[in-house]
Amino acid sequence: MCFSFSWHFLLALFTFVLFVSNATFAEMNVIDQCWRWNPNWRSHRLELAKCSVGFAGKMINNIGNGVVHYKVTDPSDDPLNPKPGTLRYGASMIKGKVWITFKRNMKITLHKPLLISSFTAIDGRGVDVHIAGPSCLLVYKATDVIIHGLRIYHCKSQPASLVMGPDGNVVQLGQVDGDAIRLVTARKIWIDHNTLYECEDGLLDVTRGSTNVTVSNNWFRNQDKVMLLGHDDGYVRDKGLKATVVFNHFGPNCNQRMPRVRHGYAHVANNLYQGWKQYAIGGSMDPSIKSEANFFIAPEGNKEVTWRLGNNVDNVLWKFYSVGDAFTNGASFKQTGIRGAKPNYNHEQSFKVANAEKVKALTSSSGVLKCSKTSKC
């Protein structure tokens, strides 16, 4: 009898655990379902590169033959003569494919902007990595870059300076604004599961001809200007900009630019907007913006999600519209132009957009994940 009771109890317990596990898996978004279920993720870190969606596509150029596995062991920073073991050495000095991880929890103070080379993945999973200014991350004329699992904050503007650049070449930088992450003439970039806040200028700038960018699973908070897609109104090369903004959590205490788009195209889907002050999504210079199945929680003041600048804000050429969004607390969305701003993803970029009612669950793990080296994330 005792054996029978124990068997039934164990069977019931196994069924319960399986149900809870499946329920948790079902609540994950398509990116997280690709890798977070695996308790042995640490032994298969590079599989992450196959999980990206949106305009960045799969990051398979970051894996395969010839990958250098580099571990950061030293939180110090020398902008011109990086020491082996530091983040700057791994991101700037090593040629070819490099996958950067961190030995332990650390706080890194960057004295000058960190220029990240092509084919570099910075992977902060399993530890707690802080990039605490005053300088932060710059992807300059680089391609195939992954930035994952970092806390980046307190970034400040910097004067012109010399700094070690990609492939170990010294670069003369002009004045740099205080952005957490800035992309300049960059291509195929995936920014995933980072927590960004309290920087002097913005949290993410995608500028000067950058394109094929996916911004996913990040937590943006405590910031005036959050995300800029497009350099300025006169920089027409940004007409080729394509960005996917998906599964992010905006707020609390975000004012504007979630994102602001100039010239190019943005697919903004399945994001959680925890209020705004000036606006949530805006643009100028006739961009195309598809807002799809986001969850907008309006603040007590301004209820309008959108903002437009320019003489042609009612022109049908400006496609800026909402499909399947959820609006709460009185939120409203002014639509412009005729529908047709489809992302037209290829097979490796495509993903299924979830119903807006699921957004809170899908973004519940936005930002840096809490995971140890021996358990699921």
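- The residue from N62, T214, T244 that alone fulfils the side chain to side chain contact (heavy atoms under 4.5 Å, CB included) condition with W190 is T214.
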(request) Mind running side chain to side chain donor-acceptor pair (under 3.5 Å) on Q274 and N253 for me, showing each step along the way? (result) CA-CA 8 Å; Q274 194 179 348; N253 303 318; over 6 Å; no

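- Evaluation of the ring-ring contact (aromatic ring centres under 6.0 Å, His included) test over residues 280-306, restricted to residues two or more places apart or in two chains, returns Y273-F296, F296-F327.
- Contact check for S365 versus L369: side-chain heavy atoms found under the 4.5 Å cut-off.
- Within the structure, every pair that satisfies the side-chain hydrogen bond (donor to acceptor under 3.5 Å, both in side chains) test and touches residues 228-242, not counting sequence neighbours, is listed here: R208-H231, D233-R262, D233-S284, Y235-R237.
- Across all their heavy atoms, S161 and Q172 have their closest contact at O-NE2, 3.3 Å.
- Looking at every heavy atom in both residues, N218 comes nearest to I191 through ND2-O, 3.0 Å.
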(request) Report the C-alpha separation of I63 and W99 in whole Å, then their side-chain angles, then the decisive distance to 0.1 Å, and conclude whether the side chain to side chain contact (heavy atoms under 4.5 Å, CB included) test is met. (result) CA-CA 8 Å; I63 58 178; W99 197 281; 4.0 Å; yes

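- Partner of N248 under the side chain to side chain contact (heavy atoms under 4.5 Å, CB included) criterion, chosen from N194, L272, N271: N271.
- Using the six-membered ring where Trp is involved, W35 and W41 have ring planes that are perpendicular, over 60° apart on the 30 and 60° scheme.
- By the salt bridge (charged side-chain N to carboxylate O under 4.0 Å, His left out) test, R151 pairs with D128, sequence neighbours left out.
- Under the 4.5 angstrom side-chain criterion for Ile, Leu, Val, Met, Phe, Trp and Tyr, the cluster partners of Y153 are Y197.
- Residues forming a salt bridge (charged side-chain N to carboxylate O under 4.0 Å, His left out) with K50 (at least two apart in sequence, or on another chain): E47.
- The environment of NZ in K225 is sparse: at most 12 heavy-atom neighbours from other residues, nucleotides or ligands sit within 6.0 Å.
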With a cut-off of 3.5 Å and sequence neighbours excluded, list every side-chain donor-acceptor pair involving residues 83-94.
{"residue": "K83", "atom": "NZ", "partner": "D74", "partner atom": "OD2", "Å": "3.3"}
{"residue": "T86", "atom": "OG1", "partner": "K83", "partner atom": "O", "Å": "2.7"}
{"residue": "T86", "atom": "OG1", "partner": "Y89", "partner atom": "N", "Å": "3.3"}
{"residue": "R88", "atom": "NE", "partner": "D77", "partner atom": "OD1", "Å": "2.6"}
{"residue": "R88", "atom": "NH1", "partner": "P113", "partner atom": "O", "Å": "2.8"}
{"residue": "R88", "atom": "NH2", "partner": "D77", "partner atom": "OD1", "Å": "3.3"}
{"residue": "R88", "atom": "NH2", "partner": "D77", "partner atom": "OD2", "Å": "3.0"}
{"residue": "R88", "atom": "NH2", "partner": "K112", "partner atom": "O", "Å": "2.7"}
{"residue": "S92", "atom": "OG", "partner": "L115", "partner atom": "O", "Å": "2.6"}

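- Other residues, nucleotides and ligands contribute over 12 non-hydrogen atoms within 6.0 Å of the NZ atom of K58.
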